[in-house]
Amino acid sequence: MFAKRARRGFIFLILISIAVMVAGSASSRVSAQEAGEPPLDQLFEQAFAAVAEVTDPSSRLFIGWRLSEADVNHGGGRLEERLVSILDPALEKVLADHQASGMAYMATTLAVYGRTSELLGVMRNLNDTWNRGRKVLRILTQKGDVATAVILAERESRAWQRVLTLINIVHMLAESGQRQEAQKIFDQVQSEYGALSETWRNSNAGNYLSAMAHFDLDQAERLARGFKWEIERAAAFLAITRALAKIDPQRTLDIALKIQQQPHRGYALRNVIRATARHPHQQRIYQRALALADPMGRAYAYRAAAQDALAKGDLARASEELDRLDAVLPGLSEKDRARVADRAATRLAIEVLSGDVNQVFEKMAGLTYGDDLSESTAVQIIANALMQNGHYDLGRRVAETVQGTTNYASYLIATINARFE
């Protein structure tokens, strides 16, 4: 009798859970419809057409990769054949000085779709896996295809490049919790690093210690402290903070504070800030790192916080974060102020959303474009802010103002991804 009641109660709970999920899904769809967004199928078709219309071949390869991720994550891979078919000709048209980045974008798309043989064909000509091929390595390790990632590492023509590629694989596996796999690759790193000449070992010591830190942080710290020159110690500690920031931000902060050399100390603190900014349970670490950061580090943090708040519709907090950014500006050089010039577009987006959104085009006419702030960047910031705050059609019209660029396709892809956040 009790067992039957318990079973009926369990079934009831399951039905309630399903009802809640369906209601939540329906609510999400209503919100999209109320914002004027088209159906998902239509968004994918529009995004594909927008990618095909991007005139610069390198840019088309870049935005094609972005669409492939949305397609696999949310579209069931519906665009795979058509998307690859328009990216192949683009790769052939990429200018010589953009060939490496173009091949990397194409290879990344192929990795997203799991087209391993084609991926290996493209990467055969890259010989830059440790650098431009990092996204490919990350996707392969996420998919559990470590063997192909190692093949790409072993294809690098120079020994130090092979070591750095293997170190990247170690980091990616460790970050995803695949410690046993990471340890196996690190064993290979130790062997190949030891075979390097003394000059190349010294040049890559910090990277080597950053990989070691995943398995024996105390030893990695001891070896870093043992370097003769302060600049070498600072570089090694900085490399360790890049590796550990997402995994152990508190220990990373402790290491960053041991760095005496600027700007290495500032870069290390920025690693902590980026790793903790969006995690409520890590705000104590975030605030301490922020308080100790250099002015440029705080400027980047305030800009990121403003953009995050804007995306969430918290206009008051977004404005406050920009006010904090403005307060830092007098302490920055002219060159550093230019690095955060896109704050003007974020400020304008807040202003538009706080008043009559239909005045967006008139207000955008008052922006000044140049080397510091491009029209394309401003359009992307403002269009996405409109979409994220329920004004899809208006955001779409803003995104369409810069013809032939990645803006419109990027806007549609952001709309697709926002449906599932």
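All figures in this text were calculated on a predicted structure; none of them were measured in a lab.
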SB check Asp336 Arg339 (cutoff 4.0 Å): yes

Between Ala268 and Leu238 the two heavy atoms that sit nearest each other are N-CD1, 3.5 Å

Any side-chain heavy atom of Gln188 within less than 4.5 Å of one from Val150? yes

CZ (Arg278) with more than 12 external heavy atoms under 6.0 Å: no

Between Ser410 and Asn407, is there a donor-acceptor pair closer than 3.5 Å when you use the side chain of the first and the backbone of the second? no

Parallel, tilted or perpendicular: ring planes of Trp160 versus Trp130, cut at 30 and 60 degrees: perpendicular

Report yes if the side chains of Leu91 and Pro57 come closer than 4.5 Å at any heavy-atom pair, otherwise no. no

Are side-chain heavy atoms of Arg265 and Leu257 found at a separation under 4.5 Å? yes

Under a 3.5 Å cutoff, is there a donor and acceptor pairing between the side chains of Asn131 and Arg134? no

Got a donor-acceptor contact below 3.5 angstrom from the Arg162 side chain to the Glu156 backbone? yes

Please determine, by modelled atom types, if Arg284 and Gln250 share a side-chain donor-acceptor pair under 3.5 angstrom. yes

More than 12 heavy atoms of other residues, nucleotides or ligands under 6.0 Å from NZ of Lys93: is that the case? no

Donor-acceptor pair, side chain of Gln262 and main chain of Gly266, under 3.5 angstrom: yes

Short side-chain donor-acceptor distance under 3.5 Å, Thr241 and Asn271: yes

Using a 3.5 Å distance criterion without hydrogens, assess whether the side chain of Thr148 forms a donor-acceptor pair with backbone atoms of Asp145. no

Between Asp71 and Tyr113, is any side-chain donor less than 3.5 angstrom from a side-chain acceptor? yes

With heavy-atom distances below 4.5 Å as the criterion, would you say the side chains of Asp56 and Thr405 are in contact? no

I'd like to check Leu61 versus Trp65 (side-chain heavy atoms, cut-off strictly below 4.5 Å). Are they in contact? no

Flag, side chain of Arg132 to backbone of Ala104, donor-acceptor distance under 3.5 Å: no

Can you find a heavy atom in the side chain of Arg324 that is under 4.5 Å from one in the side chain of Val328? no

Can you name the closest pair of heavy atoms from Ala47 and Ala409 and give their distance? O-CB, 4.4 Å

Is the number of heavy atoms from other residues, nucleotides or ligands within 6.0 Å of NZ (Lys258) greater than 12? yes

Closest heavy-atom pair and its distance - Met123, Ala107: SD-CB, 3.5 Å

Between Arg347 and Asp323, does any NZ, NE, NH1 or NH2 come within less than 4.0 Å of an OD or OE carboxylate oxygen? yes

Looking at every heavy atom in both Tyr193 and Arg201, which two are closest together, and how far apart are they? OH-O, 2.8 Å

Between Asp372 and Arg337, does any side-chain N to carboxylate O distance fall below 4.0 Å? no

Side-chain ion pair, Glu81 and Arg115, N-O less than 4.0 Å: yes

Among side-chain atoms of Ser210 and Asn207, is any donor-acceptor pair under 3.5 angstrom? no

Start with the C-alpha distance between Leu140 and Leu119, add both sets of side-chain angles, then the distance that settles side-chain contact (heavy atoms from CB on, under 4.5 Å), and finish with yes or no. CA-CA 11 Å; Leu140 291 171; Leu119 155 69; 4.0 Å; yes

Flag, side chain of Gln388 to backbone of Lys312, donor-acceptor distance under 3.5 Å: no

What one should report as the nearest heavy-atom pair of Ala111 and Ile139 is O-CG2, 3.6 Å

Minimum heavy-atom distance Thr377-Asp342, with the two atoms named: CG2-CB, 4.1 Å

Hey, what's the ring geometry for Phe186 with Tyr208, parallel, tilted or perpendicular (30° and 60° as the breaks)? parallel

Give a yes or no on whether a salt bridge exists between Arg419 and Glu37, defined as a side-chain N under 4.0 angstrom from a carboxylate O. yes

N/O donor-acceptor pair under 3.5 Å between Asp248 side chain and Leu244 backbone: no

Begin with the C-alpha distance, continue with both residues' side-chain angles, and end with the deciding distance and a verdict on side-chain contact (heavy atoms from CB on, under 4.5 Å) for Ile259 and Tyr267. CA-CA 10 Å; Ile259 300 175; Tyr267 294 148; over 6 Å; no

Flag, side chain of Ser319 to backbone of Leu315, donor-acceptor distance under 3.5 Å: no

Are the side chains of Ile169 and Glu181 in touch, meaning some heavy atoms are under 4.5 Å apart? no

Cation-pi check, Arg396 onto Tyr408 ring (under 6.0 Å, within 45° of axis): no

Does a side chain donor of either Gln183 or Asp187 reach within less than 3.5 Å of an acceptor in the other side chain? yes

Greater than 12 external heavy atoms within 6.0 Å of Glu362's CD: yes

For Asp371, look at atom CG and say whether over 12 heavy atoms of other residues, nucleotides or ligands are found less than 6.0 Å away. no

Less than 4.0 Å between a side-chain N and a carboxylate O, is that true for Glu175 and Arg138? yes

Can you tell me if Arg343 uses its side chain to pair, donor with acceptor, with the backbone of Val340 under 3.5 Å? yes

Side-chain contact test, heavy atoms from C-beta onward, threshold under 4.5 Å: evaluate it for Lys363 versus Glu351 and give yes or no. yes

Verify, without hydrogens or angle tests, whether Thr141 (side chain) and Leu173 (backbone) share a donor-acceptor contact under 3.5 angstrom. no

I'd like to know if Arg251 and Glu221 make a salt bridge, using a cut-off of under 4.0 Å between side-chain N and carboxylate O. yes

Any chance you could lay out the ring-ring contact (aromatic ring centres under 6.0 Å, His included) test for Tyr411 and Tyr392, step after step, and finish with the verdict? CA-CA 10 Å; Tyr411 180 76; Tyr392 169 79; 5.7 Å; yes

So, applying side chain to side chain contact (heavy atoms under 4.5 Å, CB included) with Ser68, which one of Val84, Leu79, Val112, Ile413 is it? Val112

Determine, for Asp308 against Arg317, whether the closest basic-nitrogen to carboxylate-oxygen distance falls under 4.0 angstrom. yes

